[in-house]
Number of protein chains: 2
Amino acid sequence: MFTILPIKGYFDQIDGFYCDGIHAGLKPNGNNDLGFIYSDKPCTVAAIFTENKFQAAPLKHFLQYDEDFKTNFVLINSKNANALTGRKGIADIDTLFSQLDFGSLKLVNPIMSSTGVIGNRLPIEKLVAGAKRFNLSAKSGENLSKAIMTTDAYAKSCMYEVKLENGSSFKIGAVAKGAGMINPNLATMLCFICTDAAAPYSDIMEALKINSETTFNAISVDGDTSTNDTVMVLANGNSNAYDKEAFAEVLRLVMFDMAMLMVADGEGANKVAAFEVINAATNEQAMIAAKALSNSLLVKTALFGEDPNFGRIASTIGASRIDCDDEKLVISYNDVVVFNKGEICFDANTEAQAGEVLKKDKYKIICDIGLGDGKFTAYGCDLGYEYVKINADYRS
Amino acid sequence: MFTILPIKGYFDQIDGFYCDGIHAGLKPNGNNDLGFIYSDKPCTVAAIFTENKFQAAPLKHFLQYDEDFKTNFVLINSKNANALTGRKGIADIDTLFSQLDFGSLKLVNPIMSSTGVIGNRLPIEKLVAGAKRFNLSAKSGENLSKAIMTTDAYAKSCMYEVKLENGSSFKIGAVAKGAGMINPNLATMLCFICTDAAAPYSDIMEALKINSETTFNAISVDGDTSTNDTVMVLANGNSNAYDKEAFAEVLRLVMFDMAMLMVADGEGANKVAAFEVINAATNEQAMIAAKALSNSLLVKTALFGEDPNFGRIASTIGASRIDCDDEKLVISYNDVVVFNKGEICFDANTEAQAGEVLKKDKYKIICDIGLGDGKFTAYGCDLGYEYVKINADYRS
């Protein structure tokens, strides 16, 4: 038995973790663009990365360390992804770290993480000058969370405390960036999770991989990820508390919270839809259809228009080529059934009810395939004018 | 040896073909919404259809005929797809045809084709009343081409004459509907091709299948098609002329013309980009990457913003998970190289040159993977505000 309590604030309140964010001159508007996480004790670190074939330089730099290495420092910048920069991009990171000196506080296996425009070399001088202004005793998760934002409309964070049966407890919290329809737009998502749980590397890695399926991968089409996507856990063990099951569960909560905040911040999105595909032939088929729905431009624009155009839902399921039969298919908006096993249930009254559902901020679109017991829920948002504006203009 | 000559006008000028379009009351704005093709001699007919699992009723109705059946009549409506209408939708087509009577002109195996909103029963009374006003001696490809439009900004047609070495000749022409980014938006595409060539069924079908790969399927992601997509060839043989090679070649031209008109009419699109992926490990890998590029929202919005953001190009190739290596990759906008085997070639001058390319209506984005000799060209368009407007509002 264990208890999970959401608590306010940032992971800076966890014993031994320090963080801050500053403006180092990368964002023209003067907002924060450089931040760090420092731990007074080297942390066990586990991370999962993008499946994009062009992994950015910071990812390659991380992967040069031994698998079970420990670190006490993560440097994070926005506005420049250090991607497609080849061997020079990796060397730039070592050059940068070689120029940092925090006196008695020595950096152990420092890590870098970057997000922003692909295909530009890192502005090392600006970053070094900025990092030299860091106070490693600072505790400002808020400043850090702002420093990692790119097209995000708001900063993203969460915090939990876990009380174990034996009376001990640990904390876990995250900051993240990533706006909305992570796919198909390939916007980078970064998520940094800090905990004082005494969690071993192998447990963290196992939980990260399992939980990613129903969290970050449920807001993304398989593998269609940016060059920099990263979810990283830093565990300093300061609480001396740990329970494998409790840790896996709270880690899932943290990852789910962050994924939902990313969907809701859909680069102009106003709605979050849960696409629940149930009774598909297999779980995998349910996943294929659910992701196709969350990824469909026609579905997204209909949600934006608050139009219960269930024909687009059905057409997208059919186009995903999973096993399906319109004589068995049932489609509902929340509890409003609009198509029932070959019968169109869409009189003016039903259409009005379904339209009311789509006026909400969050709702379910339930597709009962009627062929088996496979299920998967994917999360998506609407797509409106603001999305085009952000992505036509975003670069420098 | 043979000569292919483009000629002006519609396929109504081909001997034996008649066509027209009228307003039958489906489109609220009074535009044409019902049309027909009639042939004074039953035609050999071959068609390829959507791979969507929910084939619309008119497709199922067509497939109830024997494989090598002949027809002299195709009825086409817009505004209602007769899709997701189950067995009733197929019966509606038979009911409709049973109520049509053109006196001495008897309908032989009549075909129906529909496009529009999914999930509504056909308005049979309106369609019958409209069709009764048809004059089967009319020759107005222009009226027909307007009747099949939905979100199209303009009607689409082409015509060719083929002169064979022996002095004989035949004509071939098409009308089509389909706006722009056929995928991922699942907008229906319909294409009706009429010819007086004496082409046998098996040759037409073979040419249709082969040519679709480099034409309609090059503007679409594999299989991710609408419920109603149809490409149909009607051959009445009136010319008594035929040459297999010439026919296959001119059919490819017709299909390519129609596909390019669809891309250019991208529901608000202003640009057509040819994504040429060359020197991939295999042709299939080149196709995967080229289609990923033509389908990427981030790439499409960058084209709309006339922004030579080659990082999005590279990231999309990497996300497609084909074999690739940034030390071998070369990316060019027309002949402006912006990334060359690990080197970013993107000074202010190059950026300005690449920006000039993107101001054009049509251009190539060439991605040299540098690993083999596989190649494929996919065609896509930009995505702007107008796309969202059309698809948020489109239904009733």
Side-chain angles (χ1 to χ4, degrees), chain A residues 51-55 81 83-88 117-121 181 184-187 223-227 292 295-298 301-302 304-305 307 309-312 314-324 326-327 338-339 342-344 346 383-385 387-389 391-393 395, chain B residues 51-55 81 83-88 117-121 181 184-187 223-227 292 295-298 301-302 304-305 307 309-312 314-324 326-327 338-339 342-344 346 383-385 387-389 391-393 395:
Chain A
E51 295 187 49
N52 194 297
K53 287 269 186 169
F54 294 127
Q55 284 189 325
L84 224 70
T85 47
R87 287 181 292 264
K88 291 174 186 167
V117 177
I118 295 169
N120 288 332
R121 296 281 296 279
M181 43 188 77
N185 81 355
L186 297 174
D224 198 10
T225 54
S226 179
T227 50
N295 203 35
S296 157
L297 272 185
L298 266 199
T301 48
F304 177 72
D307 180 359
N309 190 334
F310 71 92
R312 293 187 183 175
S315 182
T316 302
I317 293 170
S320 79
R321 298 202 256 181
I322 67 161
D323 296 334
C324 53
D326 52 357
E327 302 284 342
V338 291
F339 185 82
E343 294 290 332
I344 299 163
F346 207 59
L383 184 150
Y385 302 110
Y387 175 83
V388 176
K389 183 170 191 313
N391 284 298
D393 297 348
R395 190 162 56 106
Chain B
E51 294 187 49
N52 194 298
K53 287 268 187 171
F54 294 129
Q55 284 189 325
L84 224 69
T85 47
R87 287 180 292 264
K88 291 173 186 167
V117 177
I118 295 169
N120 287 334
R121 296 281 296 279
M181 42 189 78
N185 79 358
L186 296 174
D224 198 10
T225 54
S226 180
T227 51
N295 203 35
S296 158
L297 273 184
L298 267 197
T301 48
F304 176 73
D307 179 0
N309 189 335
F310 70 92
R312 293 187 183 176
S315 182
T316 303
I317 293 170
S320 79
R321 299 203 256 180
I322 66 160
D323 296 334
C324 53
D326 53 356
E327 302 285 342
V338 291
F339 185 81
E343 293 288 335
I344 299 163
F346 207 58
L383 184 150
Y385 302 110
Y387 175 84
V388 176
K389 182 168 192 316
N391 284 298
D393 299 347
R395 192 162 56 103

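Within every chain, numbering begins at 1; the chains are lettered A, B, ... in the order of the sequence lines, protein sequences first and strands thereafter.
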- Side chain / backbone / both / neither for Leu84(B) at chain A, heavy atoms under 4.5 Å: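 Both parts, backbone and side chain.
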
- Message: Counting heavy-atom pairs under 4.5 Å with chain B, which one of Gln55(A), Lys88(A), Arg121(A), Arg87(A) comes out on top?
- Response: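 Winner by heavy-atom pair count: Arg87(A).
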
- Answer with side chain, backbone, both or neither: which region of Ala314(A) has an atom nearer than 4.5 Å to a non-hydrogen atom of chain B?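 Both backbone and side chain.
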
- Task: Measure distances from Glu343(A) to the heavy atoms of chain B and classify the residue's part below 4.5 Å as side chain, backbone, both or neither.
- Result: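 Just the side chain, heavy atoms under 4.5 Å.
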
- Query: Out of curiosity, Lys53(A) NZ to Asp323(B) CG, how far, rounded to the nearest 0.5 Å?
  - Reply: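 These two atoms lie 5.0 Å from each other.
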
- Message: Could you measure the distance from the CG atom of Asn295(A) to the CG atom of Asn295(B)? Nearest 0.5 Å is fine.
- Response: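 Interatomic distance, Asn295(A) CG to Asn295(B) CG, rounded to 0.5 Å: 8.5 Å.
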
- Task: Find the one option among Gly119(B), Gly86(B), Ala83(B), Ala81(B) whose heavy-atom pairs under 4.5 Å with chain A are most numerous.
- Result: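 When all of Gly119(B), Gly86(B), Ala83(B), Ala81(B) are compared, Gly119(B) has the most.
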
Closest contact, heavy atoms only, [X] versus [Y]:
{"X": "Thr85(B)", "Y": "Ile344(A)", "value": "CG2-CD1, 4.1 Å"}
{"X": "Phe54(B)", "Y": "Cys324(A)", "value": "CZ-SG, 3.5 Å"}
{"X": "Ser226(A)", "Y": "Ser315(B)", "value": "CA-OG, 4.0 Å"}

